[in-house]
Amino acid sequence: MSASPPVAQPSSLTLRSVSKTYGATLALDAVDLSIERGEVVALMGANGAGKSTLAKIAAGVIQPDHGEIVLAGLPVRLASPLAAHQAGVVTVHQSTELLGVANLTVAENLILGELCGGSFGLTTSARRIRLRAAAVAAGVGLDLPLDRQFGDLGPAQRQLVAIARAAATDAKVLILDEPTASLAAAEADRLFEIIDRVRSRGVGVLYISHRLGDIKRIADRIVVLRNGRRVADQTKPFDLSAAIRAMIGRDLDGIGAGRENSEPGRLMLQIERARLTPGAAPFDLNLRSGEILAVTGALGSGKSRLLRALFGLGRLTEGDVLLEGEPWRPHGPAQAIARGVFFAGEDRWRTSFLPPATPGADIAGAIALPHRRSWFPRGILRDRRERNAARRAIEALGIRCRDSHDELDRLSGGNQQKVVVARWQAAPCRLLLLDEPFQGVDVGARQDLVQAIRAARSNSATLIATSDVEEAIEVADVVAVMRDHAIVGAHDLRGAGAASLLGAIAAVEAGDLARQDGRER
C-alpha cells in the first residue's frame, strides 16, 4: 500500500486583492501577498510605496477598503491590533516609542503580553516575573540586566527586548518593521539567529527593510511595492539590482558620484590627542569646510559619544578641540547652536521632534524650533517666516506632504528624516553633526538626503556617524573607522574608483582601513 501524499499546510498569512484609499490617494491597489509557514518575505519599497499601509492592515491597525485576509487557511477580520495579536500576528514596530513601557523594567517588558493578558493571575511576585523573563531572555540569547529600566536603554537594546518578547509568543506571523535600523553588526547577527529560530517553528515572517545586506542574508523571497502596487516578486538567488530598479523606477547613480569635484576649504575642526573615555587610545581628527567625514564602527564604539561631546551633550576625557582655530568646549546645546554647530540625534522622535498633537509638531514648527531665539529675538513669532522656511525645505529636499503644517507623525520615516536635515539647513552652519541620518530610510529617500547634505556643504563641515559602511561610502569624502572609542584609520574617497571604494568597504569591515591607499589623517 503506497504512502499517502503529505497534506499541504496552509500559508501563515495571505492577503488577497487588498486595496486602501486615503481621500484621493490610492495607497494600495489590489495587492496580493502570501507568506508560507517558516518563510521570511522581505517587503521593499520607497517612501509612499504602501509598505506601512500593507503591514498595518496585516497587523489590524487599519482596515482595508477591499480584499481578504486569510490566516492559517481561515478568512479573518483583524479589527484591531489586539485582535491581530490574539489571532497570532505579532508586530515589532520601528518606532522605539512603541516598543515597550519606559517606566517598567526589562524583565517586565519581556513578558508584557503575559502581564497584560492575565497569564500571571491577579497577583504575582517580582521573583516569578524575573524567572519567567530570564527564561524568555535565555531563549533568544539576550543578556541585558533584567532589573534595568526599559526607558534607560538605547534604541538598539529596546529593539532587541521587543523582538525577544515577540519571539517568545505563540505567533503564526511575525512582522518586523526595519528591525536592524538601530542595530550594529553583532546585534543584527543576534536578530538573525532569533529569526532563524522563529522560522524553524513554522512562523511566517514579514521583514520590512531597506538594507540589502540584511535582505540577502535572511529573506527567502522579496516582494517589491511601488505606488501601491506589487511590481516584483523574487525568490533566491536574488537580483538585487533589479529589485532596486523595480522599487524606485530608475537605476541608481554611481556611488559617490561627483565626489571628485569637492574642494575642501579652511580648517574648521581640529581634534588633537582626544580620549573619549579613560583608558581609550588618543586620536586626532581634522575636518575642513566643504568636507564630509563619516565615522563608522560597531554599536558602542564611541561614534555617538564623539558627536555629543562636540555639541555640548558630553565631554572628552582628554584632548583639545579647536573650531576655526579657537578652543571649543561648549557648555550645552544652546551655546553650540548659537555658534553654528548643529546636531541631529539618531532617534529623531527623542532628539528632534515634539510629541504628536502638541504645538509645533508639524513640518514648519520642527524646522523653526531651534532657531526661534535668533529668528524672533523679541519673542514675537511670525508664522510667515516659519512657513517660508518650510516651503523652501519641502521643495529642496522633495518632502512628500500636503503642506508645511502637516503633522510629523503622518509622514513616512524618510520624509521625517528630511525634515530633520532641513531644520539645520535653514540657518547658517559651521559644523553639522548627523548621528545615523539614514536610519530607517529607503534607497530613494537616502539618495535625496545624500544630495541635500552634499549640496549644502560648501561653507560648513559635516561629521556623520553611521554603522552602515555603504552609507558612509555613499555620502562621505573621507571614511574613518572607530573602535573602542578611538579613530583607528581613515580612507580618502575623493577621486577613488569603484575598486578602491570596494576595498575601502572591506577594510572598514576588517577594521584595518589605515592600510588602504589614500591619505592618513
Side-chain angles (χ1 to χ4, degrees), residues 265-271 285 287-293 295 303-316 320-355 358-383 385-390 392-393 396-397 404 408 416-437 449 452-453 455-465:
R266 64 193 181 281
L267 192 59
M268 184 67 72
L269 179 71
Q270 294 171 268
I271 302 176
L285 193 66
L287 186 57
R288 296 181 176 274
S289 62
E291 192 170 48
I292 301 174
L293 189 149
V295 180
K303 307 184 305 296
S304 296
R305 186 184 291 264
L306 173 60
L307 268 60
R308 291 171 65 86
L310 294 173
F311 190 60
L313 291 171
R315 294 283 184 180
L316 299 178
D320 299 316
V321 180
L322 301 178
L323 183 65
E324 290 194 276
E326 298 180 359
W328 180 243
R329 275 186 175 264
H331 299 297
Q335 182 186 4
I337 292 172
R339 295 285 302 277
V341 176
F342 301 153
F343 170 73
E346 64 174 319
D347 189 331
R348 51 184 170 264
W349 278 105
R350 300 184 92 188
T351 62
S352 299
F353 295 157
L354 294 173
T358 60
D362 58 13
I363 296 173
I367 291 174
L369 184 61
H371 309 301
R372 282 180 171 170
R373 181 176 295 180
S374 59
W375 287 3
F376 314 113
R378 296 181 181 178
I380 302 174
L381 302 183
R382 291 181 172 85
D383 187 55
R385 179 162 187 177
E386 291 191 357
R387 289 201 312 269
N388 288 341
R392 288 193 294 269
L397 281 88
S404 62
L408 297 168
Q416 289 173 1
Q417 195 64 22
K418 289 179 182 181
V419 173
V420 173
V421 172
R423 155 186 280 181
W424 299 121
Q425 293 185 346
C429 174
R430 300 166 78 190
L431 176 62
L432 179 59
L433 308 168
L434 301 175
D435 195 357
E436 300 289 355
L449 285 167
I453 292 168
R457 66 195 168 123
S458 58
N459 295 316
S460 62
T462 305
L463 182 59
I464 295 174

Distance from [X] atom [atom1] to [Y] atom [atom2], nearest 0.5 Å?
X	Y	atom1	atom2	value
E324	L267	CD	CG	9.0 Å
W375	E386	CH2	CD	7.0 Å
F311	Q335	CZ	CD	11.0 Å
R308	R315	CZ	CZ	13.5 Å
Q417	L434	CD	CG	8.0 Å
L432	I464	CG	CD1	7.5 Å

Task: Donor on one side chain, acceptor on other, N459 and S289, under 3.5 Å - done: no
Flag the pair [X] / [Y] as yes when at least one side-chain heavy-atom distance between them is below 4.5 Å, and no otherwise.
X	Y	value
K418	L449	yes
H371	F342	yes
L322	P327	yes
L408	D362	no
L287	L431	yes
M268	E291	no
L323	R430	yes
W328	V341	yes

Minimal non-hydrogen separation, [X] against [Y], with atom names:
X	Y	result
Q425	A456	NE2-CB, 3.4 Å
K303	A465	CB-CB, 3.7 Å
A390	A364	CB-CA, 3.8 Å
A393	A422	CB-CB, 3.4 Å
S404	I363	O-CB, 3.3 Å
L433	L307	CD1-O, 3.5 Å

Task: R423 side-chain N/O to A366 backbone N/O, donor-acceptor pair under 3.5 Å - done: yes
Open item on the list: Assess whether a salt bridge exists between R339 and E326, defined as any Lys/Arg side-chain N lying under 4.0 Å from an Asp/Glu carboxylate O.
Closed with: yes
